[in-house]
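Notes follow once the structure below has been shown.
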Amino acid sequence: MITVETPCQKIVWDLVPAIRASLAIELVKKGQSQAASAKLLGIAPSAVSQYISGKRGYRIEFQGETKELIEKLAQDLIDDNVSDFVIRVCDICVSARGIENKCNSGCGSEKQAGDNKEDEAENQEKAET
């Protein structure tokens with residue numbers, strides 16, 4: 001039997017937990033308690049503990065732009081300056097994957113949302129002709 005792991009599975013099982021782990025670690029580094037970090041991330045305190053101890057989300061270490069986006073999001077969470085957490089996490093995911101906003105999941109930056117609308121309009125025009 002052949003086992004095929006799709007890119008989506010890789011993201012859900014490896015990348016998203018690694019992003020959460022990095023955010024939890026960054027929040028604690030910035031002086032937040034594990035309980036406060038859990039509340040800011042909308043996860044259980046036990047998950048933060050597992051992220052910090054390396055029992056969960058440890059497979060990927062971020063560098064460069066991705067690490068900077070994580071650090072900025074952590075600070076913005078502390079400062080209560082996050083208008084859309086999902087978009088910010090999607091931007092981190094896009095950066096980590098090294099793609100240029102080609103995610104078709106409906107999340108991501110406003111530019112991406114605009115690009116998707118343009119693509120939809122173009123597809124509609126083609127369908128009409």
Side-chain angles (χ1 to χ4, degrees):
M1 178 166 85
I2 298 174
T3 303
V4 178
E5 187 175 73
T6 66
C8 296
Q9 287 171 305
K10 197 83 172 128
I11 291 166
V12 169
W13 289 102
D14 295 333
L15 188 56
V16 172
I19 291 170
R20 284 190 189 130
S22 294
L23 281 168
I25 291 166
E26 193 63 34
L27 287 167
V28 171
K29 275 187 196 175
K30 293 180 178 291
Q32 299 298 300
S33 68
Q34 288 185 21
S37 298
K39 187 174 182 179
L40 288 170
L41 294 172
I43 60 177
S46 58
V48 172
S49 176
Q50 290 176 341
Y51 288 139
I52 290 169
S53 68
K55 293 180 182 175
R56 200 172 173 183
Y58 60 88
R59 295 181 181 161
I60 300 171
E61 187 173 322
F62 300 108
Q63 301 294 323
E65 177 191 10
T66 305
K67 185 175 173 107
E68 291 171 13
L69 289 169
I70 290 168
E71 291 169 353
K72 175 82 170 111
L73 177 53
Q75 188 61 54
D76 286 347
L77 285 167
I78 292 167
D79 296 340
D80 193 27
N81 190 27
V82 177
S83 60
D84 195 331
F85 182 77
V86 173
I87 288 174
R88 298 282 296 271
V89 171
C90 285
D91 288 343
I92 292 167
C93 178
V94 165
S95 173
R97 291 169 37 214
I99 60 175
E100 294 183 25
N101 289 335
K102 297 295 184 195
C103 180
N104 291 324
S105 67
C107 64
S109 67
E110 289 181 23
K111 177 186 179 302
Q112 175 186 325
D115 290 346
N116 287 343
K117 287 179 186 173
E118 290 171 14
D119 291 343
E120 289 173 14
E122 185 177 311
N123 290 339
Q124 181 67 26
E125 286 177 20
K126 286 179 183 176
E128 292 173 359
T129 57

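These numbers come from a predicted model, not from an experiment. In this chain, residues are counted from 1 in sequence order.
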Fill in the blank from the handout: Interatomic distance, CD1@Ile87 vs CD1@Ile92, rounded to 0.5 Å, equals 12.5 Å
Exercise for the section: Not counting sequence neighbours, which residues clear salt bridge (charged side-chain N to carboxylate O under 4.0 Å, His left out) with Asp76? List them please. Expected result: Lys72, Arg88
Problem - Candidate pair Val89 and Leu73, rule side chain to side chain contact (heavy atoms under 4.5 Å, CB included), full reasoning - result: CA-CA 8 Å; Val89 171; Leu73 177 53; 4.2 Å; yes
Exercise for the section: Specify the closest pair of heavy atoms between Thr66 and Ala96, including all atoms of both residues, with the distance to one decimal. Expected result: OG1-N, 3.3 Å
Exercise for the section: Return yes when atom CG of Asp79 has more than 12 non-hydrogen atoms of other residues, nucleotides or ligands closer than 6.0 Å, and no otherwise. Expected result: yes
Exercise for the section: Indicate, with yes or no, if Phe85 and Val94 share a hydrophobic cluster defined by side-chain heavy-atom contacts under 4.5 Å among Ile, Leu, Val, Met, Phe, Trp and Tyr. Expected result: no
Exercise for the section: Tell me, yes or no, whether the heavy-atom count around Lys55 atom NZ, taken from other residues, nucleotides or ligands under 6.0 Å, exceeds 12. Expected result: no
Problem - Spatial distance of atom CD (Glu65) from atom CD1 (Ile70) [nearest 0.5 Å] - result: 10.5 Å
Exercise for the section: Would you kindly confirm whether Leu15 and Leu23 end up in one hydrophobic cluster when ILVMFWY residues are joined by side chain heavy atoms under 4.5 Å apart? Expected result: yes
Problem - Ser95 (side chain) donor-acceptor with Asp91 (main chain) under 3.5 angstrom - result: no
Problem - Side chain proximity check, Leu77 to Gln32, heavy atoms < 4.5 angstrom - result: no
Pairs of donor and acceptor atoms involving the side chains of residues 35-51, under 3.5 Å and at least two apart or interchain, shall be tabulated with distances.
residue, atom, partner, partner atom, Å
Ser37, OG, Ser33, O, 2.9
Gln50, OE1, Arg56, NH1, 3.1

Exercise for the section: Please check if atom CD in Gln9 has more than 12 non-hydrogen atoms from other residues, nucleotides or ligands closer than 6.0 Å. Expected result: yes
Handout entry: Residue pair Ser22 / Phe62: nearest heavy atoms and the distance that separates them
Key = OG-CD1, 3.3 Å
Problem - Separation of Ile19 CD1 from Ile60 CD1 (nearest 0.5 Å) - result: 7.5 Å
Fill in the blank from the handout: The reported gap from CD in Gln75 to CD in Glu26 (rounded to nearest 0.5 angstrom) is 8.5 Å
